[in-house]
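Notes to accompany the following structure.
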Amino acid sequence: MKKVLILTDFTPTCFWSVTYGLDFCRCYGFAPEVLHVDTPHGSAHDEGSSLERSKVEHILDLYRKKFGMSAALSIRSGALDEEILKVIGSGGYALLVLCTHGKQGLQSVTGSAVEKIIHSLSIPIIVVQSKRFAPIKTVILPVVVPSFNSSHLEMSAAIARIIGPEIEIVCRSEHRQFCDSHLSEFGNASTTVMERSDSG
């Protein structure tokens, strides 16, 4: 079974990304693995983080008992980007789930690390901005030529193959032919191209 890697930094916001990731896995039939990286600048051992870790462990235990999910928590030490890339490099992961929460937690600690991770990965990423999971119905793919490249297409096509949503490609009218020529990469996903005006 393919796995989904869910990041947490043991902050309240990341707790919601964990629950979102678990529900995503339950909906689409993936095995979740929750990862925390204890970075040199992190605060994994303070009272607040200990409480959040307990909450994560409790919710994983609940999902194991209620839904029979094989939900694991692993903790590693080191540089965030390096450790995440090592884990994903070990293979078997379909995508990565992480949260965004302004200037707190993961984002403030890592600085450019998250950006480095995003640009280094060969699997799709879901950035959680909601506390509640809902099945994904539509993926909107904006195409701006020439900055749009084959890796963007590959990632979007991978998401389409994983969860089978409708794909709406939005592009300028002069790039319609470019978009149409790549529709086959999305397999059986329902894919449409929507043109937008220069002022859009």
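Nothing here was measured: the structure is a model prediction, and the numbers come from that model. Numbering of residues begins at 1 and proceeds along the displayed sequence.
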Checklist entry - Could you go step by step and tell me if Phe15 and Glu52 meet the side chain to side chain contact (heavy atoms under 4.5 Å, CB included) rule? => result CA-CA 7 Å; Phe15 176 77; Glu52 290 302 320; 3.9 Å; yes

Next on the checklist: Let's go through Asp61 and Arg64 carefully: what are the C-alpha distance in whole Å and the side-chain angles of both, what is the deciding distance for side chain to side chain contact (heavy atoms under 4.5 Å, CB included) to 0.1 Å, and is it a yes or a no?
Outcome noted: CA-CA 5 Å; Asp61 188 52; Arg64 281 191 289 264; 3.8 Å; yes

Taking side chain as C-beta onward, heavy atoms only, is [X] less than 4.5 Å from [Y]?
X	Y	value
Trp16	Cys99	no
Val18	Ile59	yes
Pro135	Tyr28	yes
Val87	Arg76	yes

Give, for atom [atom1] of [X] and atom [atom2] of [Y], the distance between the pair rounded to the nearest 0.5 Å.
X	Y	atom1	atom2	answer
Thr19	Tyr63	OG1	OH	6.0 Å
Ser74	Glu33	OG	CD	4.5 Å
Ile75	Glu83	CD1	CD	12.5 Å
Glu82	Leu85	CD	CG	8.0 Å
Leu35	Leu98	CG	CG	11.0 Å
Tyr93	Lys3	OH	NZ	3.5 Å

Of the non-hydrogen atoms in [X] and [Y], which two are nearest, and what is the gap between them?
X	Y	value
Met69	Pro32	CE-CG, 3.6 Å
Cys14	Asp9	SG-OD1, 3.0 Å
Phe10	His36	CE1-CG, 3.4 Å
Cys25	Val4	SG-CB, 3.5 Å

Checklist entry - Does the side chain to side chain contact (heavy atoms under 4.5 Å, CB included) test come out yes or no for Val97 and Leu5, once each step is laid out? => result CA-CA 6 Å; Val97 175; Leu5 186 63; over 6 Å; no

Item to check | Parallel, tilted or perpendicular, as decided by the 30° and 60° cut-offs, for the rings of Tyr20 and Phe24 | outcome: parallel

Checklist entry - Is Arg53 salt-bridged to Glu57, cutoff N-O under 4.0 Å? => result yes

Next on the checklist: The test is side chain to side chain contact (heavy atoms under 4.5 Å, CB included); show your working for Leu95 and Ile125 and say whether it passes.
Outcome noted: CA-CA 6 Å; Leu95 54 85; Ile125 299 169; over 6 Å; no

